[in-house]
Each structure stands twice: as structure tokens, then as C-alpha cells.
Amino acid sequence: MRRRVTRCASYDRTVNKLWCLILLVGCGDDANTMPDAGGDPPLDGADVKDCSGAAAVTAVGPAFPPDEPVMATIALVSHDATGAMCGMKDGGSGSEAELMIDAPPGGMVTMVLEDDEGYRGLYTWTEVQPGDRLLFPSLFERGITPKNVDVSVTIPALSGVTTFDVYLQCEHGGGGLSDPSPAGTFTKSLECGSNATAVAAMVLAENGSTAQYAVSAVTPIAASGTTSVTLGAWMAAARPTVTLRGTAGFDRGSMGLTPGATPDFHSVTMLSFADPLTDPATLGPRNVPPTFSTRMSVYLSTPEMPRRSVQIGRRYATPMSLDLMVTTDFLPLVSAQLTAPLPRPTITWSTARAATADAVYLNAGGWLLVTRAEPGAVRFPELPSAYLPTKPAVVQTVVLMEAKNVAGFDALRRDPALPYLDPEHSASSLGDSINGIIP
């Protein structure tokens with residue numbers, strides 16, 4: 001929900017997720033079995049619809065932070081493949097609320113989420129199959145609660161350096177940068193997820209133009225008491241850069257580096273910016289541990305409003321520099337327009353050049369629908385007037401998404417957040433890319 005997203009950004013592990021959000025595009029070659037929604041006639045209850053074969057599916061609402069209760073309710077509407085309404089169900093409330101409804105094979109299901117502050121957000125799943133478990137996109141990890149882990153690190157002395165930057169990490173994310181500390185014993189109570197079984201540390205020492213890191217191995221969390229983490233020897237920092245070529249039409253660029261003891265460990269993203277962009281443009285360098293796994297995100301945006309942006313994410317066993325051609329290494333820019341208003345908005349979209357992607361995320365103003373990435377007209381389904389968005393339809397966001405570890409649309413249609421959490425991704429967006437996953 002809108003206020004939750006702002007709070008979310010204060011969580012270190014969620015910051016990394018938000019970075020993933022900005023990177024959407026796709027590489028899937030599945031055939032689209034959905035009809036061209038843009039050509040359907042308006043539905044008024046008298047049109048032919050096909051709800052045959054409908055059977056139960058389960059839809060699950062978003063997860064909310066356990067320390068901040070949210071008064072939220074959900075309702076469901078099922079539709080056939082053309083968007084004609086088949087049934088309604090309400091009654092779900094709270095974090096990860098579940099509700100069941102009958103939906104026909106290849107049809108759609110729309111969840112309507114409302115909170116106690118007047119927020120209403122809608123999400124529509126497409127190509128639904130009986131027996132599906134459908135997850136409303138959520139920035140908070142499902143089924144995970146926080147736990148405190150007391151950590152102790154001994155910082156080795158280094159000539160010419162009086163204070164050190166200490167970064168602690170939890171398995172599956174969490175932790176971050178602590179206050180500067182002198183050499184010697186450093187202790188902190190670290191908030192990790194309940195699924196974390198280990199922690200790690202990296203310490204940065206800077207002396208003028210020289211930067212060195214001391215890092216730890218992955219250290220199991222102690223069964224009780226304090227977990228002691230041992231640092232290795234000081235090493236010269238790696239200093240990766242990104243060189244961008246073909247930047248015409250873009251005015252801003254950024255690089256994010258997220259080092260982790262292993263791919264499942266991360267706590268902070270280190271950023272470098274270029275504004276305005278040159279051609280070629282160089283982002284960085286940034287100091288990172290030379291032996292840690294490093295996630296790299298590169299983001300470019302155009303000056304006009306609404307902004308259009310492209311982004312890629314990569315993961316490396318050790319940090320390295322990249323040389324990228326914008327016109328071939330990134331997904332193409334997206335254009336879109338609203339071609340029909342509420343009650344059944346239609347968004348027509350296209351790309352600057354041919355491309356393949358896993359999915360397209362379309363937000364018609366608080367109403368998000370995800371479907372196969374085939375340019376053309378996408379028509380939103382039929383809803384009772386009481387469930388429609390409270391504001392007029394607009395093209396709020398269109399995001400084209402590709403993720404290396406997601407095997408096409410059928411793999412993500414039940415859980416649309418999957419591509420956003422994949423460090424190996426590519427994305428192209430029109431409008432606020434956060435709204436490509438949060439309606």
C-alpha cells in the first residue's frame with residue numbers, strides 16, 4: 001500500500017528489492033493464448049461469456065510488516081478469458097489474507113485491496129488455471145518475521161586509519177552500515193529475517209585515496225548468545241566502473257553495486273550517478289570488497305515526463321567493470337496511451353524496436369494487470385462499479401520485464417514479484433516503475 005512502500009525503503013533488504021523493481025523487460029518465446037482484449041465489445045451483462053469449467057483458485061493478499069498492523073480487506077472477482085465477469089467473493093482481511101473463488105481455465109482473477117486510510121488498489125492475474133495459488137505482489141517477504149542477532153566483530157588495526165565503516169549482513173538480506181568504529185571489538189544487535197541461519201561482515205578502511213577491505217566468511221548464527229565473526233586480512237578494494245555507449249536521448253544514469261558474502265547475502269547498495277550523461281559515459285568507480293559476490297544494477301532515464309527508463313541487473317562472483325551499448329544491451333523504450341477509459345480501461349503499447357520479454361506490467365491508475373509481453377491493446381476486465389478505482393484511468397506505468405531465472409510468463413503469472421527479485425534482469429518502463437508492481 002502506498003504508505004508501506006515509503007516505510008519499506010528504510011529496510012536495507014527492501015532497498016535492494018526496489019532497485020530490482022526499476023529493471024523490467026523480457027525474453028520469453030511462449031505463444032500468447034489470450035485473445036486480443038482490445039477488440040472485445042463492451043460488456044453490459046447481456047454479452048456472451050464463457051465461465052464453463054470454473055473451479056477453485058486461491059488468491060493471497062500482500063504481506064504487511066509484523067510490527068505495523070494494517071487494517072486491510074480484500075475482495076475477488078473472476079472473469080473469463082475476454083474479461084467478462086464470472087463471480088465475486090469478499091471477506092478477506094489482514095496480512096497475507098487468503099480468499100478462494102471459482103475461475104474458468106485461461107480466465108482472469110482481480111483482487112481489490114482496500115485499507116483504513118482510503119487506499120484502493122487492484123491487481124488482475126491473467127491466464128489463471130483452476131487450482132492456482134495467486135500471490136498479490138508484495139515487497140515484504142511472505143512468512144518471514146524479524147529476529148535480533150547479537151554480533152561481535154574484532155576490527156584489526158591498520159596504520160594511518162583511526163575509524164572504520166562496518167557493514168553487517170544477514171543471510172537472505174538485512175543489516176547495513178553501522179556508525180564509524182575504531183579498531184578493536186565492535187558489537188551490534190542486527191535485525192535479520194527469521195529464515196536467516198548465518199551472518200557475515202565487511203569493514204572498509206579509507207586513508208586518502210587508498211581503500212582496503214577486511215571481510216569475513218559466512219558465519220552460522222550461534223544457538224544462543226553472541227555470534228562472533230572473524231575478519232580476514234586487509235585487501236585493496238576493487239573499483240569497478242560501467243561505461244555506457246549510445247546514450248543519446250537519456251539524461252540521467254546510475255550504477256548500483258550490492259556486495260555480499262554469497263549471492264544470498266546483501267545489505268547495502270553503493271551508488272554512482274551521472275547527470276547529465278555524456279556519450280560515452282562512465283559511472284563509478286566505487287570501492288567494493290574484491291572477493292565478495294557483487295550485484296550490479298545500471299539505470300538510465302529520459303528527460304521528458306512521464307519518464308521512460310531502462311535498467312539491467314547482473315551478478316558476478318567477484319566485482320568487474322562493464323562496457324555496455326545502450327541500443328543493444330538494454331531493452332527498448334516503451335510508449336503507451338490510454339485508448340479507452342473506465343469502467344474497462346484499454347492501454348495500447350509498443351516498443352521502439354522489436355524485443356522479447358517475460359511479461360508486461362500495465363497500471364491504469366491504481367489497477368495493475370500483468371500479461372504476456374506482446375505489443376498491442378490490452379483491455380482490463382469487467383468489474384462491479386463498487387470495486388472500480390476511485391480515480392479516472394490513466395497510463396500510470398507500463399513495464400516490460402525480463403528475468404534470467406524466470407522461465408517465461410507461465411512461471412511468473414502466479415507470483416508477479418518474481419522478476420523484480422531476480423538479480424539477473426532487464427527492464428524498460430514508462431512512468432513510475434515502482435507502480436509496475438504496486439498498484
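Values below: all heavy atoms of this structure, side chains included; hydrogens, waters and symmetry mates excluded.
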Side chain to side chain contact (heavy atoms under 4.5 Å, CB included) assessment of Leu333 paired with Thr351: CA-CA 6 Å; Leu333 291 174; Thr351 56; over 6 Å; no
Chi angles and distances behind the side chain to side chain contact (heavy atoms under 4.5 Å, CB included) call for His79, Leu383: CA-CA 9 Å; His79 323 267; Leu383 287 177; 3.8 Å; yes
Criterion side chain to side chain contact (heavy atoms under 4.5 Å, CB included) on Val310 and Tyr299, from CA distance to verdict: CA-CA 6 Å; Val310 293; Tyr299 173 81; over 6 Å; no
Worked check of side chain to side chain contact (heavy atoms under 4.5 Å, CB included) between Leu324 and Thr243: CA-CA 6 Å; Leu324 301 171; Thr243 299; over 6 Å; no
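Distance check: Tyr316 OH to Ser293 OG gives 11.0 Å after rounding to the nearest 0.5 Å. Atoms OG and CG, on Ser254 and Leu300 in that order, are 7.5 Å from each other to the nearest 0.5 Å. Separation of atoms OH (Tyr119) and CD (Glu114) is listed at 10.0 Å; rounding is to 0.5 Å. To the nearest 0.5 Å, atom NZ of residue Lys188 and atom OG1 of residue Thr226 are 14.5 Å apart. Once rounded to the nearest 0.5 Å, the distance linking CG of Asp415 with CG of Leu135 reads 4.5 Å. Ile221 contributes atom CD1, which lies 5.0 Å from atom SG of Cys192 (distance to the nearest 0.5 angstrom).
Here the side chain of Ser78 pairs a donor or acceptor atom with the backbone of Gly87 at under 3.5 angstrom. Judged by distance alone, the side chain of Glu424 and the main-chain N or O of Arg315 form a donor-acceptor pair under 3.5 Å. Checking side-chain atoms of Asp132 against main-chain N and O of Val57 turns up no donor-acceptor pair under 3.5 Å. Gln169 places a side-chain N or O within 3.5 Å of a backbone atom of Pro259 that can act as its donor or acceptor partner. The closest donor-acceptor contact from the side chain of Thr227 to the backbone of Ala222 lies under 3.5 Å. Proximity of a side-chain donor or acceptor of Lys89 to a complementary backbone N or O of Met100 within less than 3.5 Å is detected. Put simply, the side chain of Asp90 never gets that close to the backbone of Ala75: no donor and acceptor are under 3.5 Å apart. In this structure, the side chain of Ser93 does not engage the main chain of Thr73 through any donor-acceptor pair within 3.5 Å. Remark: side-chain polar atoms of Ser426 are not paired, donor with acceptor, to backbone N or O of Phe330 under 3.5 angstrom. Remark: side-chain polar atoms of Arg314 are not paired, donor with acceptor, to backbone N or O of Leu322 under 3.5 angstrom.
Here the closest heavy-atom approach between residue Ala352 and residue Pro332 is recorded as N-CB, 4.0 Å. Val334 approaches Trp349 most closely through the heavy-atom pair CG1-CE3, 4.4 Å. Across every non-hydrogen atom of Ala238 and Pro319, the tightest pair is CB-CG, 3.6 Å. Taking each heavy atom of Val215 and Pro289 in turn, the nearest pair found is CG1-CB, 3.8 Å. Minimum interatomic distance between Leu338 and Pro345 (heavy atoms only, all atoms of both residues): CD1-CB, 4.1 Å. Between Ala103 and Val109, the shortest heavy-atom contact is CB-CG2, 3.9 Å.
Under the 4.5 Å side-chain criterion, counting only non-hydrogen atoms from C-beta, Arg120 is in contact with Leu122. Under the 4.5 Å side-chain criterion, counting only non-hydrogen atoms from C-beta, Thr269 is not in contact with Ser297. Side-chain contact between Leu430 and Pro306 is present, with at least one heavy-atom pair separated by less than 4.5 Å. The shortest side-chain heavy-atom distance between Trp125 and Arg414 does not fall under the 4.5 Å cut-off. Counting heavy atoms from C-beta outward, Val77 and Met85 have side chains that approach closer than 4.5 Å. Inter-residue side-chain proximity for Thr348 and Val378 is flagged as unmet; no heavy-atom pair is nearer than 4.5 Å. Considering only heavy atoms from C-beta on, Leu76 stays 4.5 Å or farther from Thr110 through its side chain. Taking 4.5 Å as the limit, some side-chain heavy atom of Val288 sits within range of a side-chain heavy atom of Pro240.
Neither side chain, Thr339 nor Thr346, offers a donor N or O lying under 3.5 Å from an acceptor on the other. Defined by atom type and a distance below 3.5 Å, a donor-acceptor pair is missing between the side-chain atoms of Asp264 and Thr262. A donor atom on one side chain and an acceptor atom on the other are found under 3.5 Å apart for Thr197 and Glu171. Checked by atom type, the side-chain pair Asp432/Thr397 shows no donor-acceptor distance below 3.5 Å.
With respect to the salt-bridge test (charged N to carboxylate O, under 4.0 angstrom), the residues Arg413 and Glu127 do not qualify. A salt bridge links Asp251 with Arg307: the closest approach of a Lys/Arg side-chain nitrogen to an acidic carboxylate oxygen falls below 4.0 angstrom. Salt-bridge formation is detected for the pair Arg133/Glu98: a Lys NZ or Arg NE/NH1/NH2 atom is positioned less than 4.0 Å from an Asp or Glu carboxylate oxygen.
Two rings, from Phe292 and Tyr167, have their centers 6.0 Å or more apart.
The side chain to side chain donor-acceptor pair (under 3.5 Å) analysis of residues 318-336, with sequence neighbours excluded, yields the pairs Thr241-Ser321, Arg245-Asp323, Arg308-Ser335.
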Going by atom type alone, with no hydrogens or angles, which donor-acceptor pairs under 3.5 Å involve a side-chain atom of residues 271-280 and a protein atom two or more places apart or on another chain?
unit_1	atom_1	unit_2	atom_2	d
Thr278	OG1	Pro280	O	2.7
Asp279	OD1	Gly246	N	3.0
Asp279	OD2	Thr247	N	3.4

Please tabulate, for the side chains in residues 362-370, all donor-acceptor contacts under 3.5 angstrom to protein atoms that are two or more places apart in sequence or on a different chain.
unit_1	atom_1	unit_2	atom_2	d
Asn363	OD1	Gly365	N	3.0
Asn363	OD1	Gly366	N	2.9
Asn363	OD1	Trp367	N	3.3
Asn363	ND2	Asn435	O	2.9
Trp367	NE1	Thr124	OG1	2.9

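Around atom CE of Met88, no more than 12 heavy atoms belonging to other residues, nucleotides or ligands sit under 6.0 Å away.
Ring pair Tyr123/Phe136 is perpendicular by interplanar angle, where above 60° counts as perpendicular and below 30° as parallel.
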